[in-house]
K.L.:
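What follows is a single structure, and I will ask about it in a moment.
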Amino acid sequence: MTASPRPETIAMGASRMISLTLNGRPVTAEAEGRTNLADFVRDTLNLTGTHLGCEHGVCGACTILVDGEPTRACLSFAGACQGADVVTIEGLDDDPVTAELRAAFNREHALQCGFCTPGMLVSARDLVLRLPEADETRIRLGLAGNLCRCTGYAGIVKAVASVIAERRAQGIGPMTAERHLGPVGARTGGAVSAALPAAFATTATPSAAMVLADDFTPAHSFEQSFEVPFPPAEVFAFFGRIEEVAACLPGAVIDAMSSPENVQGGMRVKLGPIATTFRGSARIGRDDAARSGTIHGAGADGRSRTEGLIRYRVTDGATPGTARVVLDVGYTLKGPLAQFGRPGLVREVAGRLIAEFAANLEARLGGTQPSPTQARGLDPLKLLISLVSDRIGRLWRRGGPTS
């Protein structure tokens, strides 16, 4: 989600005078350093058209324009917007694009309670100004950062599409540059390709600036283990063949290996029709004497970033001729992905992935091909559905039906 375009260090408890342009007129008012832009325009400047919902940058109700770009006002400090050009929904009263959208929202029954509508109109206006055509897929993804609990989105999408189609039919083309595919207000930057695949897969390019910190301290950690019916020496040797390891890990791809210790690649993730790849780099270490190793990697998809450190060791299994692999996993998530990164959920999802990896590893060591799961990419949605189903099943078996 977006932060303010003018980052500035401000003492959190101190007050200061904030001067900016609001809806075309200069304003100056006092605010504490911790006051966000939404509270500033609502409580200090009495413009209550900007609504506050989640206050975590997720629902999009507080979306306004800062220097012409849709911005989550709840995530932007007022003091960091010193000198900015801020436009709220009130400032769009006479805007011709917003007027067309208001009419279309009424015509297509695109609002009910109206709480999300101010932020939705700001986001929709941005789509009208930058999308070359009324593409339903792009509209839905562009509005993904604005939640509506009433309409089911169908009317909203139709309203936005109708305005875009009407303007293009009149010869009015896009007025602003396109950005990477993603919700408005996300500040993804860059241009969208003119031709997208049917599944509109988005792939971030490898980042040369993906630095692996030597003193990385994970925010969360957990331990997992599994056993395979092969000798420990054979299993440990397998972990040294990175291409084969990647072939067993669902969604993993390798782009290049500059050395046996340095790998560039990524992880494919698929949610419904949307696919993306977290790309980055990894540094690999091995201790032959201890049959242990480390994999330290970091990756990003343009909006979210993750860094992790996996320590593994291969020991004797419960029975002779078997091996036990113990994994100590530490990770940090930043960006929109972090809101879905609750430690308990991550552990459960990781457990499923490790189980698939173990099955593929066993198949590979046994001389057969791993399952085709990795070719399809990691699908967290299916994993979550499976987790929820299992939890419901356990609760049902524990309590049973009541009479």
Side-chain angles (χ1 to χ4, degrees), residues 2 5 21-25 47 49-51 60-72 85-112 114 116-148 150-200 202 273-274:
T2 185
T21 300
L22 181 65
N23 297 334
R25 62 184 181 87
L47 293 176
T50 299
H51 293 167
C62 67
T63 305
I64 61 177
L65 296 175
V66 177
D67 291 337
E69 183 175 345
T71 301
R72 303 290 190 264
D85 181 13
V86 177
V87 178
T88 67
I89 191 65
E90 291 92 343
L92 296 175
D93 283 348
D94 299 323
D95 177 71
V97 176
T98 308
E100 293 175 31
L101 283 167
R102 286 197 299 266
F105 270 51
N106 284 320
R107 182 175 65 248
E108 301 294 344
H109 305 289
L111 71 161
Q112 288 185 31
C116 72
T117 304
M120 192 75 73
L121 284 172
V122 173
S123 296
R125 177 183 179 275
D126 181 73
L127 292 176
V128 172
L129 291 177
R130 67 182 172 91
L131 292 186
E133 57 187 359
D135 186 314
E136 180 179 342
T137 294
R138 294 188 180 196
I139 293 171
R140 284 187 176 276
L141 191 57
L143 293 176
N146 291 77
L147 304 184
C148 175
C150 302
T151 66
Y153 301 99
I156 296 173
V157 174
K158 287 181 180 178
V160 177
S162 68
V163 173
I164 295 175
E166 290 170 5
R167 291 177 69 85
R168 303 302 174 260
Q170 296 169 13
I172 306 174
M175 297 181 183
T176 58
E178 287 197 73
R179 296 190 292 270
H180 280 304
L181 201 60
V184 294
R187 287 190 184 277
T188 47
V192 176
S193 170
L196 290 173
F200 56 98
T202 62
I274 304 173

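This is a predicted model, so every value here is computed, not measured.
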K.L.:
Could you check whether any side-chain heavy atom of Arg125 comes within less than 4.5 Å of a side-chain heavy atom of Leu65, counting everything from C-beta outward?
P.N.:
yes

K.L.:
Can you tell if the side chain of Asn106 reaches within under 4.5 Å of the side chain of Leu111, non-hydrogen atoms only?
P.N.:
yes

K.L.:
Without swapping roles, check the side chain of Glu136 against the backbone of Val157 for a donor-acceptor pair under 3.5 Å.
P.N.:
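No, the answer is negative, given that no donor and acceptor are paired below the 3.5 Å cut-off.
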
K.L.:
Give the intermediate values and the outcome of side-chain contact (heavy atoms from CB on, under 4.5 Å) for residues Asn146 and Ile156.
P.N.:
CA-CA 11 Å; Asn146 291 77; Ile156 296 173; over 6 Å; no

K.L.:
How long is the straight-line distance from CD1 of Ile164 back to CG of Leu129, given to the nearest 0.5 Å?
P.N.:
9.5 Å

K.L.:
Could you check whether any side-chain N or O of Arg168 sits under 3.5 Å from a backbone N or O of Ile172, counting only pairs where one atom can act as donor and the other as acceptor?
P.N.:
yes

K.L.:
Can you find a pair of side-chain heavy atoms, one from Met120 and one from Leu143, that are under 4.5 Å apart?
P.N.:
yes

K.L.:
If every non-hydrogen atom of Ala159 is compared with every non-hydrogen atom of Ala110, which pair is closest and at what distance?
P.N.:
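Minimum heavy-atom contact is CB-CB, 4.3 Å.
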
K.L.:
How many angstroms lie between CG in Asp93 and CZ in Arg102, if you round to the nearest 0.5 Å?
P.N.:
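The distance works out to 6.0 Å.
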
K.L.:
Please check: side-chain N/O of Thr71 versus main-chain N/O of Glu69, any donor-acceptor pairing under 3.5 Å?
P.N.:
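The answer is yes, because a donor-acceptor pair under 3.5 Å joins these two groups.
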
K.L.:
Is there a side-chain contact between Ile89 and His51 in this structure, where contact means two heavy atoms from C-beta onward sitting under 4.5 Å apart?
P.N.:
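No, side chains not in contact.
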
K.L.:
Rounded to the nearest 0.5 Å, how far apart are CZ of Arg140 and CG of Asp135?
P.N.:
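Reported to 0.5 Å precision, the distance equals 11.5 Å.
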
K.L.:
Which of these, Leu47, Ile64, Val86, sits in a side chain to side chain contact (heavy atoms under 4.5 Å, CB included) with Asn23?
P.N.:
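Looking at Leu47, Ile64, Val86, the match for Asn23 under the side chain to side chain contact (heavy atoms under 4.5 Å, CB included) is Leu47.
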
K.L.:
Mind checking whether Leu121 and Leu92 have side chains closer than 4.5 Å, heavy atoms only?
P.N.:
no

